[in-house]
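Below is one structure; the comments refer to it alone.
Please read all numbers here as calculations on a predicted model, not as lab measurements.
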Amino acid sequence: MYIPAMGRDRYRFLEPDAPHFLTCTAVKWLPLFAQPANALILLNSLQFLQRERGLLIHGYVIMENHCHLIAGGPGLARSISSFKSFTARQMVDRMRERNSPALSLLVWCRDRHKSDREHQVWQEGSHPEQIEGATMMRQKLEYIHNNPVKRGYVDDPLCWRYSSARNYEGLDGLLDVVTDW
């Protein structure tokens, strides 16, 4: 569900502590998270937010150019903003250290109105949709867990390392996930 808003992003967090389905996309859909080190930056940041800010993750998948989360908790909008800001800085710093040619793409892809930064890693917004019951929760979880299957990367969602599918089968995953909702 969304509420039309003024400004560039029409989606809003309705009940900030309630679980929301979120999508965070790399600028121009660049495959930045195909490198395990960049995916690890995302995972580490989410773990920090779980530990320090009470972020509750109900589901996630990290793909090569975007990630989906079902998350809630106090200050969710602020946590997602911090997540995107911190991970962007970490990835840019990593690219600088490695003298990566991808760094110039992040300059070229930067939205012109983003005059406060040299590089842009994330597209604007996270398109939050509040989860409104168990049916919607199951539908969104099925969608994110099957994302790697639909892309042809794996035959079984349990085989995708960067996903909460394993958590829902009682197996160890890369992040702690709240599976009882």
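Looking only at atom types and distance, the side chain of R53 has a donor-acceptor partner in the side chain of S82 under 3.5 Å away. A donor-acceptor pair shorter than 3.5 Å can be found between the side chains of S85 and R89.
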Quiz item: Checking side chain to side chain contact (heavy atoms under 4.5 Å, CB included) for the pair H119/R96: CA distance, chi angles, key distance, verdict?
Solution: CA-CA 11 Å; H119 306 91; R96 275 192 182 119; 3.2 Å; yes
Exercise. Applying ring-ring contact (aromatic ring centres under 6.0 Å, His included), run through H68 and Y143 and close with a yes or a no.
Key: CA-CA 9 Å; H68 294 295; Y143 173 79; 5.3 Å; yes
Exercise. Evaluate the criterion ring-ring contact (aromatic ring centres under 6.0 Å, His included) for residue pair W160 and Y60; output intermediate values, then yes/no.
Key: CA-CA 11 Å; W160 190 252; Y60 72 95; over 10 Å; no
Quiz item: Between E64 and F33, does a side chain to side chain contact (heavy atoms under 4.5 Å, CB included) hold up when you go through it step by step?
Solution: CA-CA 5 Å; E64 77 280 6; F33 319 124; 5.5 Å; no
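Remark: side-chain polar atoms of K84 are paired, donor with acceptor, to backbone N or O of Q123 under 3.5 angstrom. Between the side chain of R166 and the backbone N or O of D172 there is at least one donor-acceptor pair closer than 3.5 Å. When atom types are taken as modelled, the side chain of H20 and the backbone of A18 share a donor-acceptor pair closer than 3.5 angstrom. Checking side-chain atoms of Q120 against main-chain N and O of W122 turns up a donor-acceptor pair under 3.5 Å. Although no hydrogens or angles enter the test, the distance criterion places no donor-acceptor pair under 3.5 Å between the side chain of S81 and the main chain of A77.
Note: N65 CG to K28 NZ = 13.5 Å, rounded to the nearest 0.5 Å. In this structure, I62 CD1 and S164 OG are separated by 10.5 Å, a value rounded to the nearest 0.5 Å. Remark: Q90 CD to L40 CG distance equals 10.5 Å, nearest 0.5 Å. One finds the CG atom of L32 at 10.0 Å from the CD1 atom of I41 (value rounded to the nearest 0.5 Å). How far CE of M63 is from CZ of R151: 5.0 Å, rounded to the nearest 0.5 Å. With rounding to the nearest 0.5 Å, the separation of CD in E52 from CD in Q47 is 12.0 Å.
Linking ILVMFWY side-chain heavy atoms closer than 4.5 Å, directly or via other members, places L56 and L22 in two distinct hydrophobic clusters. The hydrophobic cluster containing L42 does not contain W29, counting ILVMFWY residues as joined when their side-chain heavy atoms lie under 4.5 angstrom apart, directly or transitively. Side-chain heavy atoms closer than 4.5 Å link hydrophobic residues (I, L, V, M, F, W, Y) into clusters, and following such links, possibly through other members, connects V177 to W181. Both Y168 and I144 belong to a common hydrophobic cluster when Ile, Leu, Val, Met, Phe, Trp and Tyr are linked at side-chain heavy-atom distances under 4.5 angstrom. Linking Ile, Leu, Val, Met, Phe, Trp and Tyr residues whenever their side-chain heavy atoms come within less than 4.5 Å leaves L175 and L158 in two separate clusters.
At a threshold of 4.5 Å between non-hydrogen side-chain atoms, the residues H145 and V61 do not count as touching. Using a 4.5 Å heavy-atom cutoff, the side chains of D156 and V149 are not in contact. Taking the side chain as every heavy atom from C-beta outward, I70 and I57 never approach each other to under 4.5 Å. I80 places a side-chain heavy atom less than 4.5 Å from the side chain of L69. Between Y162 and P36 the shortest side-chain heavy-atom distance falls below 4.5 Å.
Scanning all heavy atoms of the two residues, the minimum distance from L55 to A71 falls at CD1-CB, 3.9 Å. The shortest heavy-atom contact between R94 and N38 is NH1-OD1, 3.5 Å. What you find for G54 and P74 is that their closest heavy atoms are O-CD, 3.6 Å. Contact record, I131 with M136: CA-SD, 3.7 Å, taken as the closest heavy-atom pair. Across all their heavy atoms, P157 and N146 have their closest contact at CG-OD1, 3.4 Å. The shortest heavy-atom contact between V178 and H58 is O-ND1, 3.3 Å.
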